[in-house]
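Numbering of ligands and ligand atoms starts at 1, following listing order. Atoms considered below: every heavy atom in the structure, side chains included; atoms not considered: hydrogens, waters and symmetry mates. In what follows, residues are counted from 1 in the order of the sequence shown.
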Amino acid sequence: MAPPAVDGAEALERIAHEIRSCTRCPLHQQRTQAVPGEGPADAPLLFVGEGPGAEEDQQGRPFVGAAGRLLDRLLTSIRIPRERVFITNTVRCRPPGNREPHPDEVAACLPYLVRQMSVLHPRVVCLLGATATRALLGSDQKLNQVRGRALREGGRWWFATYHPAAALRSASLANALQEDFRRLRRLVDVEWGTEDPARWKPGALHKIFADPQPTEPVVVSEAGTLRVSWEVRGVHPTFRTESALAELLRRFVLRQRRAEAGVVLEVVKLQTTDGSGRPVPPESPDCTHLHAEVCPVGSGE
Ligand code: URA
């Protein structure tokens with residue numbers, strides 16, 4: 001007989017149970033208790049911090065100290081209830097003196113996050129600080145270069161920003177963090193509950209534009225390939241990455257071609273240029289146009 005199905009909350013509790021008794025790295029030796037993370041199993045948004053601090057270590061809950069209180073205020077400011085999101089950390093035991101976790105400690109703990117994510121399937125993952133950003137996006141990633149922008153990878157959005165603890169020490173980082181949370185809200189608005197592009201709510205479309213009179217992509221069919229041109233001048237900075245533009249384009253084209261529902265589209269070529277056709281990166285202020293080829297790759301069955 002097949003084993004009974006495990007629901008999401010139960011699966012998360014099993015992972016949490018393992019984390020609480022984990023001895024995979026030396027951090028377990030000095031902890032009061034491990035901090036697995038918390039939130040509902042259907043949370044569409046996941047936050048990943050660095051590691052528990054003193055208060056988290058005492059309470060066994062993530063982000064309950066000063067940084068947590070700032071995170072709560074940021075969430076309130078963008079009207080997202082803390083109870084609707086899942087909050088966890090890159091490492092689950094407090095590093096002594098709140099030092100940065102070592103790479104081998106991060107590597108030992110990461111499988112827990114991978115397992116939690118395979119239960120949660122979050123549509124948007126927000127990485128708080130450089131440690132989470134390097135652990136999830138790659139060790140060569142510089143927080144300053146990726147923060148505040150939507151990156152599309154592995155079927156979900158990744159969004160890195162400063163750690164709230166850093167913002168407590170610097171007014172300019174606090175302002176940048178607040179601005180990034182406004183951008184995060186934009187990303188969540190576009191994504192939340194709208195997986196199927198055919199059901200993408202018209203209102204949500206406006207969230208990707210900074211310009212009140214945006215242009216939509218122009219699609220021309222050519223022997224199985226769709227050639228797309230798009231004036232991207234007005235696209236909000238959150239979505240000005242190559243991976244985000246490619247994903248948005250794919251969705252725009254799917255929405256326009258609703259009759260072909262079930263067809264999976266792949267953006268095979270994407271070039272961003274300035275007004276005179278010179279290639280420039282999408283985040284460049286000179287970038288005004290996008291040219292792409294989009295191909296159907298089969299049925300979505
Ligand atoms: N800082 C973190 O990175 N995580 C917490 O849970 C608390 C503070």
Side-chain angles (χ1 to χ4, degrees), residues 12 15-16 18-20 22 24-28 30-40 43 45-77 80-117 120 122 124-137 139 141-144 146-148 158-170 173-174 176-178 180-181 184:
L12 288 173
I15 300 167
E18 279 183 52
I19 293 173
R20 288 190 196 101
C22 178
R24 285 186 193 173
C25 85
L27 289 181
H28 79 275
Q30 296 181 46
R31 72 180 177 217
T32 308
Q33 55 188 318
V35 182
E38 65 186 22
L45 174 57
L46 167 68
F47 285 93
V48 185
E50 180 172 292
E55 291 187 57
E56 290 78 17
D57 173 73
Q58 286 297 319
Q59 294 189 37
R61 296 184 55 213
F63 282 95
V64 289
R69 287 188 286 279
L70 176 53
L71 178 60
D72 289 350
R73 289 198 294 279
L74 287 161
L75 283 170
T76 302
S77 77
I80 293 181
R82 179 174 167 132
E83 311 73 59
R84 284 290 291 130
V85 304
F86 198 92
I87 303 178
T88 189
N89 280 302
T90 310
V91 297
R92 318 309 173 88
C93 298
R94 183 188 180 202
N98 295 346
R99 65 158 168 77
E100 261 186 46
H102 297 153
D104 53 334
E105 295 159 352
V106 170
C109 218
L110 217 47
Y112 292 123
L113 186 56
V114 172
R115 283 172 60 198
Q116 285 173 318
M117 285 179 63
L120 292 163
V124 180
V125 181
C126 178
L127 304 167
L128 298 169
T131 299
T133 301
R134 280 197 301 268
L136 276 304
L137 296 184
S139 54
Q141 293 293 349
K142 301 257 180 302
L143 181 58
N144 266 335
V146 293
R147 66 153 269 263
W158 301 85
F159 184 91
T161 185
Y162 295 114
H163 194 288
L168 288 173
R169 297 188 292 266
S170 153
L173 290 194
L177 185 60
Q178 180 69 70
D180 282 357
F181 264 65
L184 177 64

Heavy atoms, side chains only, cut-off 4.5 Å: are R84 and L45 in contact? no
Which residue and atom name correspond to the protein heavy atom nearest atom 2 (C) of ligand 1, and how close is it? G51 O, 3.0 Å
Tell me the contacting part of E50 for ligand 1: side chain, backbone, both, or neither, using a 4.0 Å heavy-atom threshold, strictly below. both
Holding to ring pair (Phe, Tyr, Trp, His ring centres under 6.0 Å), I want the full list of residues that pass it with F159, two or more places apart in sequence or in another chain. none
Is the closest heavy-atom distance from H163 to ligand 1 below 4.0 Å? yes
Any salt bridge linking R115 with E18? Criterion: basic side-chain nitrogen under 4.0 Å from a carboxylate oxygen. yes
Do NZ/NE/NH1/NH2 and the carboxylate oxygens of R82 and D72 come within less than 4.0 Å? yes
Within the 4.0 Å heavy-atom shell around G49, which atoms of ligand 1 are there? 3 (O)
Nearest-contact summary for atom 4 (N) of ligand 1 - protein heavy atom, Å: N89 OD1, 2.8 Å
Has ligand 1 got any nitrogen or oxygen that is less than 3.5 angstrom from a nitrogen or oxygen of F63? yes
Using the ring pair (Phe, Tyr, Trp, His ring centres under 6.0 Å) criterion, which residues pair with H28? Sequence neighbours excluded. none
